[in-house]
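So that the names make sense, note that chain A is the first sequence line, chain B the second, and so on, each numbered from 1.
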Amino acid sequence: MNHPEPAPDLYHPSEIEAKWQETWDREGTNVVPTDRLRAPDRPFYNLMMFPYPSAEGLHVGNIYAFAGADVHGRFHRLQGKDVFEPIGFDAFGIHSENFALKMGLHPMDLIPRNVANFTRQLRRIGGMFDWKHTVDTTTPEYYRWTQWLFLQLYKGGLAERKEAPVNWCPSCMTVLANEQVQGGHCERCDSAVEQRRIAQWFFGISKFAPRLLENLATLDWSDTTRKAQENWIGRSEGAILRFADANGAGSRAGAAAEGVTRGGSGGEAGAEIGVVEVFTTRPDTIFGATWMVLAPEHPLVDHFTTDEQRAEVDAYRSTAAKTDLVARKKTDKTKTGVFTGGHCVNPATGRPIPVWISDYVLMEYGTGAIMAVPGHDERDFEFATLFGLPIPRVVAGEGQDADTPLTEAWTGSGRMVNSAPFDGLEVDEAKRAITEWLAGKGAGELTVNYRLHDWCISRQRYWGPPIPIVYCDGCGAVPVPEDQLPVVLPRVEDFKPDDSGVSPLARVAEWYETTCPDCGGDARRETDVSDTFLDSAWYFLRYPSTDVDDAPFDPGITKAWLPVDSYIGGNEHAVLHLLYSRFITMALHDLGHLDFEEPFTRFRAHGLIVKDGAKMSKSKGNVVVPDPIIEEYGADTFRLYLMFLGPFEEGGDYRDAGIAGPWGFLKRLWDTVVPVEELSGEAPDPAVERKLHRTIAQVTRQLPELGYNTSIAALMEYLNAVRAGGRQARRGEVEALVPMIAPFCPHLAEELWARLGNRGSIFSGANWPGFDPALCIEDTVTVAVQVNGKVRATLELPRGSSEDDALAAARAEENVTRFLEGAELRRIIYVQDRLLNLVAT
RNA sequence: GCCGGGGUGGUGAAACGGUAGACACAGGGGACUUAAAAUCCCUUGGGAGUAACCUCCCGUGCGGGUUCGAAUCCCGCCCCCGGCACCA
């Protein structure tokens, strides 16, 4: 008699997700075709930091970042923009190489495997990626242009090979850029970094320091990121002051002084022999400078060292040279130093002062030499106390005078004392006055110093793009002609690095032996490869132009799509990738290849996902493995949960049980919409409709600001209202939920969209719902009634009620009158539609 | 030391200077079930009072301040996270 019950139409994420991923691929839903790239209507370049394809696969942190950026891209797409959302692989570099070594595999075999696995996972999480425009930095088609980039900088005078003290990681057996040294440790492997003097290729980023700093103010970037770059660039105003040898320049026989190298400005500045240049932010205190300190590596050390002191000086220098950066830069150790025997003349006092060397002065900052002012610098004070050097006072603060004893360095403000004609000037006035006075004597000038150094880009490793330079005995360093690019990285089975300071490629004679492009004579290829951060410093320029093979980026396409509209990524790259990308863009702009100089109009740093309040790590055993979760709940639920955890820009604490909330919500949404025939066609309930419009308004406002967690909460709240007390949903009440959930849960949204009878992808048009501001307003409002700031009652009043009406209603509340009894009403504060505060005594 | 960002229930978190704890998780109670799972409903900051509808007191790291009113603004501390750090 009864028909078999039809199989209940339940939410099965794995089925619908696979179905829609196939559909997207088949229909090319996420691809921006070449003609569209050339002529977009409303282009929106939605960029996220491309991953490094590890063997472990995508981790939750990756998925969090990609999901958050994907939500952003999908939202803009639903608003009718042409969204270009590419992804690729940053697959060169030491990390991959080390892993290959560990596994006994070759990176050329390993990387494609990892890339394939990552691709599978990236598709599975439902990213709106344009797979037709992807990059893999290890392919010759890509690194050909990385090499091209090197040549442009070389031709532009921004790439230079020079010998300088560089950071050497004894474990990775390669040099590192300053940005890759974190607190004296290798960013990659955490080993203590040593200093070596090897000839390296440098990019002249320090020339751009002022612009890189100034432009920051014009960028719509996360504050934290801007601050990190600001700190890193490290502008400080001060003066260069010159202290001449007390014995006269060059008087000491055999002194092989090379002059002064300025660390911060590229080292091109020379100086008179025997004159020490110092950088100081306190030129006002020069009358209190009672000795000089040179860094142990300073080129003038030999010049000043007397025969009597030579043994001691040499011993100190060789100890310093052997100390790694961690030990060297430790701030809590007792200061050490050695007197060279030489003296300089203080240009202010005319008196000779001794020249010391000490490792608390760093060759890499300023000029590598300081004037020591013990009275007004904490470090110099400590040094003077230790070695019994005089500590005169030249600044007197409030309540101090020229003779107030110094028990510690006075670094505050005040007036000059013991400074001949400048006594009585305020510190700030004295800085300028004294520097001008010294400048008149040729002893100094005001200047600005930056701590940003040139970018060391050569690596003595195998897994990177060979630097396209050839060394010819006759012609010297010769760039490889652009039409001979790429210089292909050969497959070398023995790619293990060693301590020699040269790349494994230097063992492959058949590769490095070549002929000079200029004279045709015997020549040798550069065997160093370039830094991975060079690969990633320009990848966003390549994405839209991957269809172009005769240029790194097509001018027309680039003009249409760049700079990048939205870039979302981790703040760990604030001073690495993001700074390098800005520099490369600025350099390409100056060299005439780009018409903009900042690559990323808007950048947002996402937060960090932690587990149990701690960073996820293998050693803590709190790593969340994504695949089983996606298996069980589907990508949509996983994405939704990650975005629901907390504010996207602050991260969140992942708890396994928490996924039940978003999962239940999606099931409820499914159950509400899917019996499509049962949905009532009646007009929406007026109260529900008002809530709907308010929800649309809120989500429309919050989504572009990455307010994901509160948007999701609003959607949940709305669905709760639709279903309140088990009520039946009407079609007009739920239809708009589908596009609103779509950025978070694209597969589910497509399925519901189709089941509601729509044709084509929900993302193929401007399907974001609109709202009527008039409908966002409730007729009645809840007004809190306070007596002396404490809530005693709440009133339901018509919107826009007058103060008198509100007061009358409040007086009718027993709980209000109770508190007003026997008191005098002194003041009434009325905030319409919000609150009534009765102040009584 | 300097520069950012934080500190709110058992937990993740909400809150234009205007009813602190939205939305969830976990917990408690109930419905359905032979039972469980799933689902649904109610409840849940702490304390006190009341037969009950309810009402009161306390409460946003600590101490002050501004204000009719402060998680929010100001001053001084403490703690956590991130960046820089012998930077002259």
Side-chain angles (χ1 to χ4, degrees), chain A residues 10 182-184 222-232 234 236 238 263-264 278-282 285 293 328-333 335 358-362 364-373 376-380 382-383 449-451 571-572 574-575 605 607-608 610 612-613 615 641 644-647 649-662 664-665 667-668 671 709-718 720 723 725-726 782-795 814-815 818-819 826-831 833-840:
Chain A
L10 297 176
Q182 315 235 308
S222 290
D223 244 16
T224 49
T225 316
R226 276 209 303 239
K227 282 284 174 199
Q229 292 212 353
E230 219 176 287
N231 282 342
W232 188 260
S236 66
V278 303
F279 173 74
T280 177
T281 54
R282 296 295 305 272
T285 62
V293 187
R328 170 88 180 255
K329 291 196 171 180
K330 244 187 172 157
T331 55
D332 53 1
K333 63 180 185 188
K335 297 219 169 351
S358 172
D359 65 1
Y360 83 90
V361 173
L362 307 171
E364 72 214 40
Y365 186 77
T367 62
I370 61 155
M371 63 175 194
V373 184
H376 307 284
D377 181 282
E378 281 158 24
R379 295 149 302 181
D380 298 342
E382 187 194 334
F383 196 81
N449 190 59
Y450 296 88
R451 68 182 286 288
N571 231 358
E572 67 274 15
V575 296
L608 226 63
V610 298
D612 312 317
K615 215 166 159 173
Y641 178 45
F644 184 61
L645 275 177
E649 290 172 83
E650 284 163 41
D653 198 332
Y654 189 97
R655 285 169 320 126
D656 298 314
I659 200 165
F665 170 67
K667 274 201 291 189
R668 223 157 26 247
D671 291 344
N709 58 333
T710 46
S711 293
I712 295 166
L715 296 175
M716 288 174 165
E717 200 179 331
Y718 175 66
N720 289 346
R723 303 291 309 269
T782 310
V783 174
V785 181
Q786 298 183 338
V787 177
N788 289 331
K790 293 202 175 193
V791 179
R792 297 303 177 188
T794 55
L795 305 170
E814 200 220 334
N815 207 43
R818 212 156 59 101
F819 284 91
R826 302 192 82 109
R827 203 173 153 188
I828 298 168
I829 314 284
Y830 181 56
V831 182
D833 300 336
R834 285 298 237 166
L835 160 142
L836 177 70
N837 188 9
L838 305 175
V839 185

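- Within the 4.0 angstrom heavy-atom criterion, only backbone atoms of the sugar-phosphate kind lie near A:Leu645; the bases stay farther away.
- Checking side-chain atoms of A:Arg451 against main-chain N and O of A:Trp232 turns up a donor-acceptor pair under 3.5 Å.
- Backbone-only contact: A:Arg818 has heavy atoms under 4.0 Å from sugar-phosphate atoms and none from a base.
- Using a 4.0 Å heavy-atom criterion, one finds that A:Thr782 contacts the bases of the nucleic acid, with or without backbone contacts as well.
- Base-pair partner of B:G4: B:C81 (Watson-Crick or G-U wobble, both distances under 3.5 Å).
- With hydrogens and angles disregarded, no donor-acceptor distance shorter than 3.5 Å links the side chain of A:Asn709 to the backbone of A:Leu645.
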Exercise for review: Could you check A:Asp223 against A:Arg226 for salt bridge (Lys or Arg N to Asp or Glu O under 4.0 Å), going step by step and ending with a plain yes or no?
Suggested key: CA-CA 5 Å; A:Asp223 244 16; A:Arg226 276 209 303 239; 2.8 Å; yes
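- Of all nucleotides present, only B:A24 satisfies the Watson-Crick or G-U wobble test against B:U11, with each distance under 3.5 Å.
- Among the atoms of the strands shown, none is found under 4.0 Å from any heavy atom of A:Val785.
- Read 5' to 3', the first and last nucleotides of RNA chain B with an atom closer than 4.0 Å to a heavy atom of chain A are B:C3 to B:A88.
- Looking at heavy-atom distances under 4.0 Å, A:Ile712 makes no contact with the nucleic acid at all.
- Note on A:Glu230 versus A:Lys227: salt bridge recorded, some NZ/NE/NH1/NH2 to OD/OE distance being below 4.0 Å.
- Listed by chain and residue number, A:Trp291, A:Trp356, A:Tyr360, A:Phe387 satisfy the ring-ring contact (aromatic ring centres under 6.0 Å, His included) test with A:Phe383 (two or more places apart in sequence, or in another chain).
- Among the atoms of the strands shown, none is found under 4.0 Å from any heavy atom of A:Asn788.
- If you check B:G49 for Watson-Crick or wobble pairing at under 3.5 angstrom, you find it paired to B:C54.
- The backbone N or O of A:Val373 lies less than 3.5 Å from no partner atom in the side chain of A:Thr285, so there is not a single donor-acceptor pair.
- Across all strands shown, A:Val831 has heavy atoms under 4.0 Å from base atoms, whether or not it also approaches the sugar-phosphate.
- The partner of B:A71 is absent, by the rule that a Watson-Crick or G-U pair needs both atom distances under 3.5 Å.
- As rounded to the nearest Å, B:A71 and B:G59 have C1' atoms that lie 11 Å from one another.
- No side-chain donor-acceptor contact under 3.5 Å links A:Asn449 to the backbone of A:Ser236.
- B:C40 is paired with B:G30 under the criterion used here, namely a Watson-Crick or G-U wobble arrangement in which both key atom distances are under 3.5 Å.
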